Amino acid sequence: MAEPYNHREIEQKWRKEWEINPINVNDGKKPKYYCLDMFPYPSGNGLHVGHWRGYVISDVWSRYKMLNGGHYIIHPMGWDAFGLPAENYAIKMGVHPAKSTAENVANIKKQIGEIAALYDWDMEVNTTDPAFYKWTQWIFVKMFKEGLAYEKEMPINWCPSCKTGLANEEVVNGKCERCGADVTKKNLKQWMLRITKYADRLLNDLDKLDWPEKVKKMQTDWIGKSYGAEVDFKVDGMDETITVYTTRPDTLYGATFMVLAPEHKLAAKLATPETKEAVEQYIYDASMKSNVDRLQDKEKTGVFTGSYAINPLNGEKTPIWLSDYVLADYGTGAIMCVPAHDDRDFEFATKFGIPIIQVIAKDGKEIEHMTEAYTEASGTMINSGDWNGLESAVLKKEAPEMIEKMGYGRKTTNYKLRDWVFSRQRYWGEPIPIVHCEKCGAVPVPEEELPLLLPEVESYQPTGTGESPLADITDWVNTTCPCCGGPAKRETNTMPQWAGSSWYFLRYVDNHNDKELVSKEKADKYLPVDMYIGGVEHAVLHLLYSRFYTKFLYDIGVVDFDEPFTKLFNQGMITGKNGIKMSKSKGNVVSPDDLVRDYGCDSLRMYELFVGPPELDSEWDDRGIDGVYRFLTRFWNLVMDNKDTKVEPTKELLKVRNLLIKTITQRLDSFSLNTVISGFMEYNNKLIDMAKNGGVDKETLKTFVVLIAPFAPHIGEELWRQLGESGSVFHTNWPSVDETALVDDEKEVAVQINGRTKTVIKVPADIDKDAAIAAGKEALGSKLTGTVVKEIYVPGRIINIVAKP
RNA sequence: GCCGCAGUGGCGGAACUGGCAGACGCGCAGGACUUAAAAUCCUGUUGUAGCGAUACAGUACCGGUUCGAUUCCGGUCUGCGGCACCA
């Protein structure tokens, strides 16, 4: 009897051995494969089984790429360590965030070590390391010089709990993405990044990415490109023009009123003496509303300014209203309203008694009593002067140009994407490297003076006034202007957490370079990322920002690719019972540490994958790991009991071996990792059975060991040696399928009557249809009654006899 | 409200391109081994009827296409995710 499976001993043994003789080495000849995990925020809570899953997936994939293709694997790990949680922790405990961050990093690094992943810790980066954020600041300076970073005073999203401004992407349902507090508006001078300049490229280049369609669609929707026209309306009796944006210029004849956002610059000016008071009151009320109030208001409100705009097409006077359903910062902040063909305009017109003119015939006619807007762009134009009789769908496309030719406006496009609010009024972030000089304005810190170090501070407490805690450090704030040498003040806002994570993946491959962000040579050799693995929650935040940064760095010649992540895989979340997200406060966090101790790393790795399809959320159930552990024990026994086998491979054994290779490889390639594990179990059962009845051959056992090695590296390596091999199992080649071994002489075919299976028979693989049908009928015997009307034979699968009684 | 994804045994889930529904695992039941328990091994496990081979029903619901539908089409319900007055 061979020795029993002792996971602790084996795992310790190989962990040590791999440390001395690393298996993933760059000999300069092997092709590279860059497999990247989204780097974690080093939280004090440590890792739970959900974090593990992503890291296991990427490690399995890395090891597979190493075996199948002989790649040198770039598989780094680092720390996204700036940001609010560390700062809040520091405030609470009175400890410097740098200190708590360092402790957390050490702890999580130890936990990650338990996964036995191939991480190359020589490549490690930390966004809070001055040697790293030097380049985060450098990118900002470059953006400033290119006109992509600019200052602007405007009402921004403000989280009253985090006491900082937020980017649009960080506001979810009117609430702060981080803490869930209701987001309000605040007027602040902010640094902005002109991401909108890249809107078209960010949209179009999605086509060349091997990403989940879901994420591409989310980015497409977020960018929100629309096609339409700007139309100029003259204000009656005033020397003013109001420009509106519309995607439905075909309905221009149906515009019966116009609405301006209360923030529109003409809003107050349009008031007449009679309406002045009401208009000013409305503008004031709107300015007091928070995002959440605006979202919760179901009923439309508005006020008539007393002025009229002239529809350029027919000269009609249309009343100008103000309403907060029109957004100030989209399009021109003013819209033409066609109540007959727009739901919102219909609601508004109905409430305030404004005429409704139908200009597109529905089902060929004019509706007598309109109860809702007809929003389809299909039907013939009516009540539309020269445009009568045209098709709405055609006109919708052609109208922008027609309007442009007539001189009433121009063809244009619009985006939902807004520029990126980049200032945070918090301590724990990269200082924005700008100096404000009264004479020279905003001046960047000279590149050779970077990094601009984050100074020590007495209190990290956010001030809540819109100023960063850095503003209190007068001897840091007061400086000289790099431009004129006169007295000047430093920018005291810091960058958002996304700043470092938008480009960190470039730095891993050249993390000690203090002359360049990344050297040309290394960038060419090792970048971009071939496979990026992480949660879907970053679909429009981190993943959009990273694409923007990469495109910018491409434009200024730092890298010669303009998309950072060729392939993306989003793993699902591991949740507690009933799909509840694992969190400390819910008390449902499952720690991997105990499971590793009791079952071993290999078992936990496999179980992480076995719980469900990797792209879907899965509920964690501790009990299931027993099944994987039993499987590994049985597999261990199978190999150990037969390691000295002298059995020659039979035809049957060859077939099983090649089917195993084929099944596992196919499922791996399609990322169906849960069924890879069930496949292993199935073939393990089969081989145990064959071992008892006639035995198994050594080559089949070796093959199995190679296939399982990426999933259970320790047991794989140990059994590989037990089978008499001297080198590492990871330096061998992924086995290939011998198709000739899979050719059958006989096939099992289901015999059906009217599509219902009655029996299964064996037929020669090359049998022809008539013979197959005859064999099927014979097998059915007396079960086949009535008149046969049709006979179907699908080679190797089905014989179906269609009979009528 | 709009867009996307999903709905299969007691549970997690499988089923390649329309071809034997429920692989694999958990749990459960029975048995073997044991003084006993744990571990391990064997057998069974969608429902209904039957001792039984077997028959019928069955992939959220209603309908359609097809020799044949978990898979394709139309409609309904439920759950999850994204967006949310974007003109």
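Below, read A as the first sequence line, B as the second, and so on, with proteins coming before strands; counting in each chain starts at 1. Keep in mind it's a predicted model, so treat the numbers as computed, not measured.
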Separation of [X] atom [atom1] from [N] atom [atom2], in whole Å?
X        : N     : atom1 : atom2 : value
A:Tyr683 : B:A23 : OH    : P     : 15 Å
A:Glu615 : B:C80 : CD    : P     : 20 Å
A:Lys214 : B:C83 : NZ    : P     : 11 Å
A:Met218 : B:G81 : CE    : C1'   : 8 Å
A:Leu616 : B:A6  : CG    : C1'   : 8 Å
A:Lys217 : B:A84 : NZ    : P     : 13 Å
A:Phe348 : B:C85 : CZ    : C1'   : 12 Å
A:Asp598 : B:A39 : CG    : P     : 14 Å

Whole-Å [atom1] distance, [N] and [M]:
N     : M     : atom1 : answer
B:A6  : B:A55 : P     : 35 Å
B:G12 : B:G7  : P     : 12 Å
B:G74 : B:A15 : P     : 24 Å
B:G79 : B:A84 : P     : 22 Å
B:C3  : B:C56 : C1'   : 43 Å
B:A23 : B:U43 : P     : 15 Å
B:A39 : B:U48 : C1'   : 38 Å
B:G47 : B:G10 : P     : 7 Å

Given 3.5 Å as the limit, does a donor-acceptor pair link the side chain of [X] with the main chain of [Y], or not?
X        : Y        : value
A:Asp221 : A:Gly224 : no
A:Asp617 : A:Met573 : yes
A:Ser670 : A:Arg667 : yes

On a heavy-atom basis, the closest approach of A:Asn570 and A:Pro212 is OD1-CG, 3.6 Å
Indicate the atoms forming the closest heavy-atom contact of A:Pro614 with A:Asn674, along with that distance. CD-OD1, 3.9 Å
For nucleotides 30-33 of chain B, list the nitrogen or oxygen atoms of the protein found under 3.5 Å from its nitrogen or oxygen atoms, one pair per line.
none

Would you say [N] has OP1 or OP2 under 4.0 Å from some side-chain N or O of [X]?
X        : N     : answer
A:Ser670 : B:C16 : no
A:Arg623 : B:G10 : no
A:Tyr330 : B:A87 : yes

Which residues pass the side-chain hydrogen bond (donor to acceptor under 3.5 Å, both in side chains) test with [X], sequence neighbours left out?
X        : value
A:Trp420 : none
A:Tyr599 : A:Asp626
A:Glu169 : A:Trp222, A:Tyr545

What nucleotide, of [options], holds the atom closest to the side chain of [X]?
X        : options             : value
A:Lys790 : B:A23, B:C67, B:G19 : B:C67
A:Tyr245 : B:C85, B:A87, B:G13 : B:A87
A:Trp222 : B:C85, B:C83, B:A87 : B:C83
A:Thr246 : B:G19, B:A87, B:A23 : B:A87
A:Thr757 : B:G81, B:G27, B:A21 : B:A21
A:Val760 : B:G25, B:A14, B:C20 : B:C20
A:Ile792 : B:G12, B:C67, B:G13 : B:C67

Within the 4.0 Å heavy-atom criterion, would you say [X] contacts the bases, only the backbone, or no part of the nucleic acid?
X        : answer
A:Glu791 : nothing
A:Lys758 : sugar-phosphate
A:Glu748 : base
A:Asn685 : sugar-phosphate
A:Lys416 : base
A:Asn800 : base

Within the 4.5 Å heavy-atom criterion, are A:Ile223 and A:Lys416 side-chain neighbours or not? no
Got a second to check how far [X]'s [atom1] is from [Y]'s [atom2], nearest 0.5 Å?
X        : Y        : atom1 : atom2 : answer
A:Asn800 : A:Ile792 : CG    : CD1   : 5.0 Å
A:Tyr793 : A:Ile773 : OH    : CD1   : 9.0 Å
A:Ile335 : A:Ile242 : CD1   : CD1   : 12.0 Å

Quiz item: cation-pi between A:Lys686 and A:Tyr683, 6.0 Å / 45°: yes
Polar pairs (N or O, both sides) under 3.5 Å between protein and nucleotides 40-50 of chain B?
residue, atom, partner, partner atom, Å
B:C41, OP1, A:Arg634, NH1, 3.1

Would you sketch RNA chain B in dot-bracket for me? Only Watson-Crick or G-U wobble pairs with both distances under 3.5 Å count, crossing pairs as [ ], other-strand pairs as |, the rest as dots. (((((((..(((......[....)))((((((.......))))))((((....))))..(((((..]....))))))))))))....
Looking only at the side chains, is there a donor atom on one of A:Thr675 and A:Ser678 sitting less than 3.5 Å from an acceptor on the other? no
Could you tell me how the ring of A:Phe348 sits relative to the ring of A:Phe352: parallel (under 30°), tilted (30 to 60°) or perpendicular (over 60°)? tilted
